[in-house]
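I have placed the structure first, in the form of structure tokens, so that the comments after it can refer back to it.
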Amino acid sequence: MDFLRPADWSEALEAKAKHPEATPIAGGTDLMVELNFDHRRPEILLDLSRVEQLRQWSRLPEAQGGVLRLGAGVPYSRLIDEVGAALPGLAMAARTVGSPQIRNRGTLGGNLVSASPAGDGHPPLIASGAEVEVESARASRTVPVAEFFTGVKKTVLAEDELVAAIRVPEATGPQQFSKIGTRNAMVIAVCTFAVALHPRRETVGTGIGSAAPTPRAASEAEEFLAAELAERDQWRRPTPLPESVVDRFAELVVNATAPIDDVRGTARYRTHALGVLARRTLGWAWEEYRNSAETAGRQGCA
Amino acid sequence: MSPRSSSTAPTANHAHTRERGAPMSNTHTTPTHRPQHLDEEIAGGVGESPLRPDGSLKVRGDFAYASDLWAENMLWGATLRSPHPSARIRSIDVGPALRMDGVRAVLTAEDVPGRNLYGLKDLDQPVLAEDVVRYRGEAVALVAADHPETARRALDLVEVDYEVLEPVLDAERAAHDDSLPRVHPGGNTVRYQPIVKGDPDAEADVVVSGTYTVGMQDQAFLGPEAGLAVPAEDGGVELYLATQDLHTDRKQTAAALGLDPEQVRMTMSGVGGAFGGREDLSVQVHVCMLALHTGRPVKMVYNREESFFGHVHRHPATMYYEHGATRDGDLVFVRARLYFDGGAYASKTPVVVGNGTTLGVGPYSVPNVRIEGWGMYTNNPPCGAMRGLGAVQPAFAYESQMDRLAEELGMDPVRLRIRNAISRGDSTPSGQVLDYPAPVAELLRRVRELPLPRESTAESTNPDIRDLPGGASNTTHGEGVVRGVGYGVCIKNICYAEGADDFSTARVRLQVVAGEPIAMVHTAAAEVGQGLVTVQQQIARTELGVERVNIHPNDTSVGPAGSSSASRQTYVTGGAVQAACRAVREQVLERVAQRCGDPVERLSLSGGKVVSETSGVLADLAEVLGSEVVEATREYHHRETFPLDEQGHSERAQVQHAFSAHRAVVDVDTELGLVKVVQLDCSQDVGKAVNPDAVVGQIQGGSAQGLGLAVMEEIQVDGGRIRNPSFTDYLIPTILDMPPMNVDVIERGDPNAPYGVRGVGEPPTISSTPAIVAAIRAATGKALEHVPVGPEHIVE
Ligand SMILES: Cc1cc2nc3c(=O)[nH]c(=O)nc-3n(C[C@H](O)[C@H](O)[C@H](O)COP(=O)(O)OP(=O)(O)OC[C@H]3O[C@@H](n4cnc5c(N)ncnc54)[C@H](O)[C@@H]3O)c2cc1C
């Protein structure tokens with residue numbers, strides 16, 4: 001096995017162009033497991049850990065609307081510490097990943113490219129409307145996270161492409177993420193749900209994990225809720241959501257899933273649990289929104 | 001053969017509780033001039049908690065485990081395993097594998113030099129499969145190669161032609177349906193045992209019944225199976241390995257290799273946990289075959305996935321129970337049928353049936369009993385020893401039944417248990433009278449009195465999610481969370497039973513090194529993490545009054561110690577070390593007695609001195625010893641046990657019983673079915689806490705393993721295949737799942753046991769599971785007849 005260690009991003013792209021069969025390795029927390037199980041036998045490993053650009057994050061110019069650009073190689077522990085306030089949904093998800101050791105090494109780029117249906121990073125990114133910055137020596141492009149996955153463990157990446165970064169719009173409203181596991185830590189998700197309220201755009205984002213071959217948004221639930229909120233002028237004058245709205249939202253979330261039975265849980269349980277998570281997370285997000293609106297209102301009067 | 005020690009008189013037979021570390025009460029008069037102060041100069045004797053000699057190494061990561069073994073010029077072994085639960089082997093072609101670069105040997109059943117059969121109780125398991133395979137994962141061929149990866153890849157080139165057969169998968173059906181294929185020529189029943197007492201058809205005012213099932217649990221030890229075999233000049237082999245029982249391994253390995261036991265010399269290498277999973281052979285014969293065949297050292301080490309196929313698991317069980325009681329809550333009868341799935345080979349199935357049936361009513365006094373137990377062959381993964389052997393499964397059932405009965409009677413479940421608790425002088429269903437303390441009622445009272453945790457954080461306005469079910473996964477902020485409290489109590493037999501001659505051997509040597517008297521203790525008793533090395537040191541310090549005690553590596557150059565299982569080593573090996581130390585002491589004192597005229601009975605060893613009761617310090621031990629080496633080897637045999645007859649009767653089927661009681665407090669998210677065990681408390685009688693810290697450690701660890709069975713640990717088997725052979729999907733509790741514990745240790749010495757000890761390791765694994773499930777039931781109102789309890793059982 002050959003081991004390539006590009007010193008920077010352009011070297012990495014060149015190496016990948018020259019050896020399209022090379023398998024990139026970032027934190028190695030997915031790849032090393034695959035190698036140990038002999039599920040993969042790459043001829044060449046392309047080690048990205050020396051590429052400084054991948055380990056940086058930045059705020060894009062305000063003109064682009066408050067977007068954070070997260071290098072694909074920023075580990076979860078830094079996402080929690082450094083961008084947790086701007087991206088609370090992603091930080092909540094990051095806190096549920098593995099153990100402290102895994103969070104120190106594991107990266108969002110690796111999580112995306114592994115394309116496990118149970119990748120915990122995916123739902124909050126989808127709920128936030130994030131995009132994946134993909135680059136090759138030829139060109140670069142951005143792909144909405146929801147379109148990045150084409151199947152179980154499959155993505156849109158061409159063989160000479162690498163993930164450079166993930167562009168995530170900064171939160172403008174409450175975000176929540178919940179993960180069901182049968183252990184209180186270090187567990188692969190039975191199912192996950194993310195919700196993000198976008199008061200400025202007056203839209204709602206959602207993300208569902210582990211309940212279909214690829215993570216996905218519950219688009220009908222998003223549209224239903226956004227319409228309800230708009231109709232009752234809830235964004236400006238938020239009141240407690242009627243039970244019927246919360247129930248319908250949960251129902252539409254459940255309708256968006258296509259779960260299976262596997263060692264981690266039954267399809268029936270996943271469906272049930274997602275309904276509960278949808279209701280709870282929306283409840284928490286909406287309460288937070290109402291509280292902040294109230295505070296803002298009071299400050300406005302003072 | 002060394003002489004048997006005269007069954008050593010116990011030094012402790014207390015019927016009262018002692019605070020940790022407080023001195024033992026003495027019933028006889030303490031003589032004057034007794035230099036007590038010197039006693040205290042020897043730190044780390046029996047009853048104290050000195051540091052483990054291997055502790056710092058393990059914590060620092062410097063301890064060498066069997067998987068770290070290395071020899072110059074060694075080869076790596078790998079095992080080809082059956083992909084089918086049941087198949088006939090038509091042919092095996094090793095040619096392509098043998099031609100691969102770097103491959104040094106490919107061996108099959110034909111290459112087994114000796115007897116191609118082994119087994120702990122029944123000789124029914126081939127070293128390598130001959131004509132049939134009986135489970136998915138059965139060893140079929142071996143490869144030795146220059147590199148582990150080469151060996152692994154060569155396995156793919158071994159061509160085995162299988163004719164796939166219909167597997168037997170249902171143990172209960174196998175017990176009654178003769179039309180099923182026979183897994184072994186003798187039929188599918190490994191052992192059937194009934195236990196009948198009183199009138200088995202008795203009737204009662206109040207009757208409750210239930211069907212309970214226990215999933216297949218794994219020992220999940222962290223250090224995988226590993227060994228290094230080095231061919232020896234005499235045609236024999238030196239095997240370095242991790243095991244629970246060197247001599248039983250040696251006996252089986254030598255027979256399979258066609259060698260004399262003396263030609264197979266085994267040395268214990270670092271054991272990374274065992275819990276019963278290292279009682280059966282794994283790499284032993286295989287790695288020796290490869291080494292003898294190639295004439296080179298060969299190492300084998302399983303990876304985590306292979307480990308799931310390379311050792312036995314806990315028997316899954318289906319149990320039908322019926323309890324009858326008077327309106328006042330006195331048990332009238334217990335009737336039960338227990339089916340244990342032993343999988344493809346017998347392993348410890350006979351013992352599981354023996355323990356399961358004899359202990360099947362729990363720690364209760366029941367006048368009328370009929371329990372039947374079946375241990376069956378199937379084509380599922382083989383099951384054998386695991387902590388709490390055969391007692392774990394029925395405990396889940398009988399404790400669930402006690403709660404059900406309490407509910408039916410409208411009675412407090414702890415009161416019902418106390419009312420029916422067995423105690424000293426009572427007899428078990430097999431007719432054995434408990435002639436030692438059996439403080440079951442006291443344990444229940446004590447555990448109930450232990451402090452309870454704060455009220456559920458779910459009640460507070462701003463709970464920390466990490467304290468709630470789901471933890472940092474943020475699934476609830478208090479919604480749906482209900483608290484429940486539950487109790488469980490159990491009985492477990494200690495040491496081997498039903499007529500087995502259970503003994504251990506110790507060699508103790510006392511000599512002066514660099515001016516200081518040093519004792520060396522040599523046994524074959526496996527240190528599997530329980531702290532036996534420390535216990536041996538403590539006993540030698542106490543008996544010989546010396547500070548420095550070295551522990552010789554475990555090997556087969558000393559007599560057998562038996563297995564580190566059945567909670568028996570502090571009892572039997574502790575007994576052997578005590579006896580050997582006393583024999584050494586006697587030799588030393590006799591010398592002084594001759595010189596000084598004081599009778600031996602008046603002399604003792606203390607603080608490195610020879611002390612006389614009447615005239616104080618007589619001499620320095622170092623001086624007395626001079627350049628001499630005083631050595632003694634002793635065996636310790638516990639009192640005899642006897643087999644069960646056809647009605648399940650025996651005057652003494654088991655040598656000793658141990659008891660523990662748990663209280664569990666859980667928070668359950670009743671809408672999502674997620675559980676957080678908030679607190680798990682235990683009261684246990686340990687007879688005598690030889691090392692109080694180690695005792696508490698055993699209780700914590702055992703409770704964690706019981707928690708695992710209660711809420712997450714299950715090998716999922718489908719069509720004879722394991723679906724989750726990894727720590728990704730076979731979940732064991734993490735530090736965030738295991739709550740703080742109040743551990744209450746009492747010491748009611750067993751007059752038959754050295755120092756009054758009572759086995760410690762297993763009971764907490766047994767009573768914790770039913771306590772936790774009872775607590776979940778209290779929170780949810782669900783019947784919960786299967787462990788582990790999964791979220792879907794709670795919400796559906
Ligand atoms: C014990 C344990 C617990 C875990 N728990 C969780 C969990 O709770 N939730 C969860 O979602 N995951 C979990 N994982 C999986 C894993 O940690 C995550 O998916 C992690 O984000 C992977 O990141 P990495 O940097 O380690 O990826 P790597 O293993 O380095 O790579 C993963 C894949 O991505 C490719 N790749 C990496 N970087 C790039 C790039 N820049 N461009 C193109 N391709 C790239 C690699 O070629 C490989 O195919 C766990 C893993 C372990 C071992």
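Please read these numbers as outputs of a predicted model, since none were measured by experiment. Chain A is the first sequence line, chain B the second, and so forth, proteins listed ahead of strands; every chain is numbered from 1.
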Residues 783-793 of chain B vs side chain to side chain donor-acceptor pair (under 3.5 Å), sequence neighbours excluded, gives B:T213-B:H786, B:R404-B:E785, B:E714-B:H786

Among A:V190, A:T96, A:D38, A:T192, the residue with the most heavy-atom pairs under 4.5 Å to chain B is A:D38

Practice prompt. Could you go through the side-chain contact (heavy atoms from CB on, under 4.5 Å) check for B:D669 and A:V276 one step at a time?
Written response: CA-CA 11 Å; B:D669 182 334; A:V276 176; 5.8 Å; no

Under a 4.0 Å threshold between the charged nitrogen and the carboxylate oxygen, would A:R280 count as salt-bridged to B:E671?
yes

query: Does any non-hydrogen side-chain atom of B:F727 lie less than 4.5 Å from one of A:M186?
result: no

Turns out that what part of B:S726 lies under 4.5 Å from chain A's heavy atoms comes down to side chain

Okay, B:R466 and chain A: the region with an atom under 4.5 Å from a heavy atom over there is neither

Cut-off 4.5 Å, heavy atoms of chain B, and the answer for A:I188 is side chain

Closest heavy-atom pair, B:N474 versus A:M92, reported as atoms and distance to 0.1 Å, is ND2-SD, 3.7 Å

* **Heavy atoms from other residues, nucleotides or ligands near NZ of B:K58 exceed 12 (cutoff 6.0 Å)** => yes

When the 4.5 angstrom heavy-atom criterion is applied to B:I732 and chain A, the contacting part is both

Bottom line for A:V187: the part with an atom under 4.5 Å from chain B's heavy atoms is side chain

Heavy-atom nearest pair, A:R41 first then B:D156, reads NH2-OD2, 3.9 Å

side-chain contact (heavy atoms from CB on, under 4.5 Å) between A:F37 and B:R304: does it pass, once the steps are laid out?
CA-CA 10 Å; A:F37 273 106; B:R304 178 57 54 195; 5.9 Å; no

Scanning both residues in full, the closest heavy-atom pair of B:L674 with A:G181 reads CD2-O, 3.4 Å

Rounded to the nearest 0.5 angstrom, the CE-CD distance for A:M1 and B:E149 is 8.5 Å

When the 4.5 angstrom heavy-atom criterion is applied to B:D729 and chain A, the contacting part is side chain

Turns out that what part of A:T182 lies under 4.5 Å from chain B's heavy atoms comes down to both

If you count heavy atoms of other groups shown closer than 6.0 angstrom to CZ of A:R290, is the number above 12? yes

If one checks every heavy atom of B:D718 against chain A at 4.5 Å, the contacting part turns out to be neither

Turns out that what part of B:P788 lies under 4.5 Å from chain A's heavy atoms comes down to neither

Residues pairing under side chain to side chain donor-acceptor pair (under 3.5 Å) where one sits in residues 85-95 of chain A, two or more places apart or in two chains, turn out to be none

Residues 267-274 of chain A vs chain B, non-hydrogen distance cutoff under 4.5 Å, contacting residues -> A:R268, A:Y269, A:H272, A:A273

Okay, A:D120 and chain B: the region with an atom under 4.5 Å from a heavy atom over there is neither

Smallest heavy-atom separation, A:N184 atom then B:V675 atom, equals ND2-O, 3.4 Å

Most heavy-atom pairs under 4.5 Å with chain A, out of B:T476, B:N303, B:I465, belong to B:T476

Practice problem: Check whether any side-chain N or O of B:D737 sits under 3.5 Å from a backbone N or O of A:R183 as a donor-acceptor pair, and report yes or no. | Solution: no

Rounded to the nearest 0.5 angstrom, the OG-CD1 distance for A:S99 and B:I735 is 12.0 Å

Q. Under 6.0 Å from the CD atom of A:E21, do we count more than 12 heavy atoms belonging to anything else shown?
A. yes

Quiz item: Would B:N724 and A:R264 count as a side-chain contact (heavy atoms from CB on, under 4.5 Å) if you check the C-alpha gap in whole Å, the side-chain angles of each, and the deciding distance to 0.1 Å?
Solution: CA-CA 9 Å; B:N724 54 340; A:R264 294 171 198 137; over 6 Å; no

Contact list (residues 80-89 of chain A to chain B, heavy-atom gap under 4.5 Å, by number) returns none

If you tally heavy-atom pairs under 4.5 Å between each of A:T281, A:T266, A:D262, A:I180 and chain B, the highest tally belongs to A:I180

